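I have placed the structure first, in the form of structure tokens, so that the comments after it can refer back to it.
Nothing here was measured: the structure is a model prediction, and the numbers come from that model. Counting starts at 1 for both ligands and their atoms, in listed order.
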Amino acid sequence: MTETGAAVLSARRADDDDLALLLLIRHFELALLDLFGRGELNGTTHTCLGQEYVPVALRRLLTGADHVFGNHRGHGHYLARFDDPAGLLAEIMGREGAVCGGVGGSQHILRDRYVSTGVQGESLPVAAGVALHLKRTEPGALACVFIGDGTWGEGAVYEALNLVSLWRLPLLVIVENNGIAQSTPTTRQMAGTVRARAEAFGVRHHGVETSDLATIRDELAPLVAAVRAGEGPLVVEFATHRIGPHSKGDDTRDPETVRRARDNDWYRLYGEADPERFERADQAQRARVDAIVREVSARPPSRWRP
Ligand SMILES: Cc1ncc(C[n+]2csc(CCOP(=O)(O)OP(=O)(O)O)c2C)c(N)n1
Ligand SMILES: [Mg+2]
């Protein structure tokens with residue numbers, strides 16, 4: 001699970017809505033890298049290329065009452081929650097219509113019950129507090145946090161796990177284990193496993209080794225229902241792959257590792273499973289993102305009104 005690219009992912013089934021969302025996120029991320037390459041964006045960005053299916057799979061297991069915490073690689077987390085690529089792009093480009101008035105940028109988004117942070121591990125203690133509030137005031141709702149494998153190096157993760165387990169709080173921790181943290185392979189920085197660490201706190205752990213949305217939802221539905229029912233927190237660890245660089249142009253991996261990641265890309269697997277439908281959906285989302293990029297790029301700069 002912790003070895004870079006170790007999991008062999010298979011992907012076959014997605015309905016039209018899921019496929020459209022997967023491809024929207026894919027083309028959104030590719031457009032960002034293109035905009036950066038052309039000097040059209042400031043700051044930084046981390047794309048979720050290769051990992052799009054994780055939030056897409058989860059979206060049907062979450063409700064509007066749940067709180068979602070994204071991370072530095074969070075565009076897919078946001079787009080799986082809100083059908084708002086123009087608002088997010090405007091935020092990243094600092095243009096009118098930006099979700100957070102252009103002061104949050106790529107990593108720091110706040111909207112309704114969604115928040116993301118670029119500070120690794122920051123979200124867990126906050127989500128633990130939110131989960132406590134939900135348990136007391138809105139039973140049945142949960143807090144869902146996305147973190148990477150590298151974020152298990154942060155002490156705040158363990159303080160939060162301790163309390164959420166002790167107090168049986170409705171916290172769902174989604175680990176996107178892509179086998180690497182920036183340029184450090186997980187095998188070179190993590191002793192033991194995510195599973196053993198979760199279980200050390202008495203927190204249940206479930207590993208996901210597929211990118212097939214239907215299988216993931218079938219596996220997770222009863223486990224998420226148990227979190228809602230007050231049976232305590234859950235860690236779900238996805239064995240996934242980063243297809244692109246950590247941020248922009250900073251991929252330090254050897255070509256073989258990158259090739260293995262690309263071989264397991266849901267985009268390739270779904271494309272092979274149903275080529276004609278995939279091609280149509282792919283073109284539609286590519287065109288949608290192209291139009292959004294043109295339209296948002298032409299907007300005036302955003303203004304932040306506190
Ligand atoms: C507290 C903190 N330390 C360092 C960083 C710089 N940083 C940003 S992403 C990252 C690696 C994160 O790795 P992982 O959690 O595996 O997520 P991934 O990038 O692989 O999705 C680092 C070190 C940070 N954002 N926050
Ligand atoms: Mg990682």
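Using the six-membered ring where Trp is involved, His77 and Phe146 have ring planes that are parallel, under 30° apart on the 30 and 60° scheme.
In the candidate list Thr117, Val175, Asn178, Thr151, Thr151 is nearest to atom 15 (O) of ligand 1, counting heavy atoms. Between Gln182, Gln107, His46, Gln120, it is Gln120 that holds the heavy atom closest to atom 12 (C) of ligand 1.
Outside the 6.0 Å centre-distance limit, the rings of Tyr53 and Tyr270 are not counted as a close aromatic pair.
Taking the charged nitrogens against the carboxylate oxygens, Arg38 and Asp34 do have a contact shorter than 4.0 Å, which makes a salt bridge. Electrostatic pairing of Asp17 and Arg59 does not count as a salt bridge here, judged by no charged N lying under 4.0 Å from a carboxylate O. Of the charged side-chain nitrogens involved, none lies within less than 4.0 Å of a carboxylate oxygen, so that Arg280 and Asp274 do not count as a salt-bridged pair.
When each of Asp66, Leu62, Leu61 is paired with Cys144, the side chain to side chain contact (heavy atoms under 4.5 Å, CB included) condition holds for Leu62 and for no other.
Distances below 4.0 Å separate heavy atoms of Gly150 from the following atoms of ligand 1: 14 (P), 15 (O), 16 (O). In summary, the atoms of ligand 1 found under 4.0 Å from a heavy atom of Glu154, numbered by their order in the structure, are 1 (C). Distances below 4.0 Å separate heavy atoms of Arg73 from the following atoms of ligand 1: 18 (P), 19 (O), 21 (O). Per-residue contacts place Gly118 under 4.0 angstrom from the following atoms of ligand 1 (heavy atoms of the residue considered): 24 (C), 25 (N), 26 (N).
Residue contacts with ligand 1 for Thr186 are absent, since no atom lies close enough (heavy atoms, distance under 4.0 Å). No part of Gln51 comes within 4.0 Å of ligand 1, judged by heavy-atom distances.
Other residues, nucleotides and ligands contribute at most 12 non-hydrogen atoms within 6.0 Å of the CZ atom of Arg188. Counted within 6.0 Å of CD on Glu276, heavy atoms from surrounding residues, nucleotides or ligands total 12 or fewer; the atom is thus considered open. More than 12 heavy atoms of other shown residues, nucleotides or ligands fall within 6.0 angstrom of atom CZ in Arg268.
Heavy-atom distances between Glu176 and ligand 1 stay at or above 4.0 Å for every pair. Within the 4.0 Å heavy-atom cutoff, Glu122 does not count among the residues contacting ligand 1.
Looking only at its N/O/S atoms, Asp149 has OD1 as the one nearest to the Mg ion (ligand 2).
The distance criterion of under 3.5 Å between nitrogen or oxygen atoms is met by Ile180 with respect to ligand 1. Close N/O approach between His72 and ligand 1 is found [any backbone or side-chain N/O within under 3.5 Å].
Among the atoms of Ile180, an N, O or S atom falls under 2.8 Å from the Mg ion (ligand 2). Here Asn178 reaches the Mg ion (ligand 2): one of its N/O/S atoms is less than 2.8 Å from the metal.
Taking the centre and axis of the six-membered ring of Phe82, the NZ or CZ atom of Arg111 falls inside the cone set by 45° and 6.0 Å.
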